[in-house]
Protein chains: 2
Amino acid sequence: MLNQSTALDLTFQALADPARRAMLERLAQGPAAVSELAQPLTMSLPAVLQHLTVLENAGLVTSAKAGRVRTCQIAGPALTLAEGWLNARRAEWEARFDRLEEYLNDIKDGESHG
Amino acid sequence: MLNQSTALDLTFQALADPARRAMLERLAQGPAAVSELAQPLTMSLPAVLQHLTVLENAGLVTSAKAGRVRTCQIAGPALTLAEGWLNARRAEWEARFDRLEEYLNDIKDGESHG
DNA sequence: CCTATAGTTAATCATATGCTTAACCAATCA
DNA sequence: TGATTGGTTAAGCATATGATTAACTATAGG
């Protein structure tokens, strides 16, 4: 098992490319073959395969081959790791913002009270 | 203004590095000087500056210099773009999952009924 | 069996990333 | 005013990334 930092590295890195996000957007609608993922992308099939590898290494996508067609699926829980990190940062930031707001109110009260 | 795809590229790319995430985690607690951000990181100050540039270009952090100290802040709305993209994917995926479940229930009913 | 389809591997290449050191600038402060 | 502190710029370098083409494998269909 990878440590959390490396998992986040791989996840965010995987999400940082528009072709890979397009593949995930397609897969969020349901499973698809490699050639189906490749179809809207303006690049060679080997390039698509490399992107697929990145997505699989990040644990965002799984795939299995039946006959000569490889079917890809989005991996449910994987996105939640990234989502969780972002949520945590926003929660911290908002908490700090709230405290700041409270502090500013205190100052204002202090001024009006003398 | 940048188009949305490029903004997501920059955002996820910025989040893909552990040093930059550490900087954001620190900044989520409140503003900090460059040297304060650098302190826990095992790299040179110029390297930290480069990471800071990446975060600023992604719109995740703002900074201003007063005297000789540059104070950095997390930029509120920036993380929500990335969060929004992830949420949308999860929503789609879950909707599909629900439809699949429904479909499987239909099949099961069909079997038991005839 | 032959051919077309779907995917895969390998080699190569240009550019991007992440880091370093050295040199430098501008506020403080003794 | 001279040293220190905090930051900045520039140059260089190793590795990673994203793409290509060419060559190859394996299944499906006529």
Side-chain angles (χ1 to χ4, degrees), chain A residues 2-3 5-27 30-73 82, chain B residues 2-3 5-27 30-73 82:
Chain A
L2 296 164
N3 69 41
S5 175
T6 303
L8 279 174
D9 289 357
L10 293 174
T11 301
F12 283 126
Q13 182 64 44
L15 294 171
D17 185 281
R20 288 193 292 263
R21 284 199 307 279
M23 291 166 78
L24 283 174
E25 283 169 24
R26 170 62 190 80
L27 291 175
V34 171
S35 52
E36 206 176 334
L37 293 178
Q39 188 256 308
L41 302 175
T42 60
M43 65 179 69
S44 66
L45 208 52
V48 175
L49 262 283
Q50 285 178 42
H51 284 302
L52 183 61
T53 304
V54 172
L55 290 169
E56 294 205 54
N57 287 340
L60 294 170
V61 166
T62 61
S63 76
K65 200 165 176 176
R68 61 184 167 173
V69 29
R70 176 172 296 279
T71 302
C72 309
Q73 283 198 85
Chain B
L2 295 163
N3 70 39
S5 174
T6 304
L8 279 173
D9 289 357
L10 293 174
T11 302
F12 283 127
Q13 183 63 45
L15 293 171
D17 186 282
R20 288 193 293 262
R21 284 199 307 279
M23 292 166 76
L24 284 174
E25 283 169 23
R26 169 62 191 78
L27 290 175
V34 171
S35 52
E36 206 175 334
L37 292 177
Q39 188 255 310
L41 302 174
T42 60
M43 65 180 68
S44 67
L45 207 52
V48 174
L49 262 283
Q50 286 177 39
H51 284 303
L52 182 60
T53 304
V54 172
L55 289 169
E56 294 206 54
N57 287 340
L60 294 168
V61 166
T62 61
S63 75
K65 199 165 177 177
R68 61 184 167 174
V69 32
R70 176 173 295 280
T71 302
C72 309
Q73 284 198 85

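Lettering follows sequence order; numbering is per chain, from 1.
Distance from the side chain of B/Val34 is smallest for D/dT8 among the nucleotides C/dA6, D/dT5, D/dT8. The A/Arg70 side chain lies nearest to C/dG7 when the options are D/dG6, C/dG18, C/dG7.
For A/Leu41 and D/dT20, the CG to P distance is 11 Å, given to the nearest whole Å. Atom CG in B/Asp9 sits roughly 16 Å away from atom C1' in C/dT15 (whole-Å rounding). The NZ-P distance, from A/Lys65 to C/dT8, rounds to 4 Å in whole Å. With rounding to whole Å, A/Gln13 atom CD is found 18 Å from D/dT15 atom P. Rounded to a whole Å, the CG atom of A/Asn57 is 14 Å from the P atom of D/dA16. A/Met43 has its CE atom 17 Å from the C1' atom of C/dT8, to the nearest Å. Rounded to a whole Å, the CG atom of B/Asp17 is 11 Å from the C1' atom of C/dC19.
For the pair A/Ala14 and A/Leu55, the tightest heavy-atom approach, listed with the atom from each and the gap, is CB-CD2, 4.2 Å. Considering every non-hydrogen atom in both A/Ala16 and A/Arg21, the closest pair reads C-NH1, 3.6 Å. When all heavy atoms of B/Arg26 and B/Leu37 are compared, the pair lying nearest together is CG-CD2, 3.7 Å. Contact between A/Ala33 and A/Val69 at its shortest, heavy atoms only, is CB-CG2, 3.7 Å. Taking every heavy atom of both residues into account, A/Asn57 and A/Leu10 meet most closely at O-CD1, 3.8 Å.
Residue contacts for B/Ala33: at a heavy-atom cut-off of 4.0 Å it reaches the sugar-phosphate backbone alone, with no base atom in range.
Positionally, the nearest nucleotide of DNA chain D for B/Thr71 lies more toward the 5' end than for the other of B/Thr71 and A/Arg20.
Of the residues in residues 44-53 of chain B, B/Ser44, B/Pro46, B/Ala47, B/Gln50, B/His51 come within less than 4.0 Å of DNA chain C through at least one heavy atom, sorted by number.
Checking the phosphate oxygens (OP1, OP2) of C/dA4, no side-chain nitrogen or oxygen of A/Arg68 falls inside 4.0 Å.
We find the CD-CG distance between A/Gln73 and A/Leu60 to be 13.5 Å, quoted to the nearest 0.5 Å.
The backbone N or O of B/Gln13 lies less than 3.5 Å from a partner atom in the side chain of B/Arg20, making a donor-acceptor pair.
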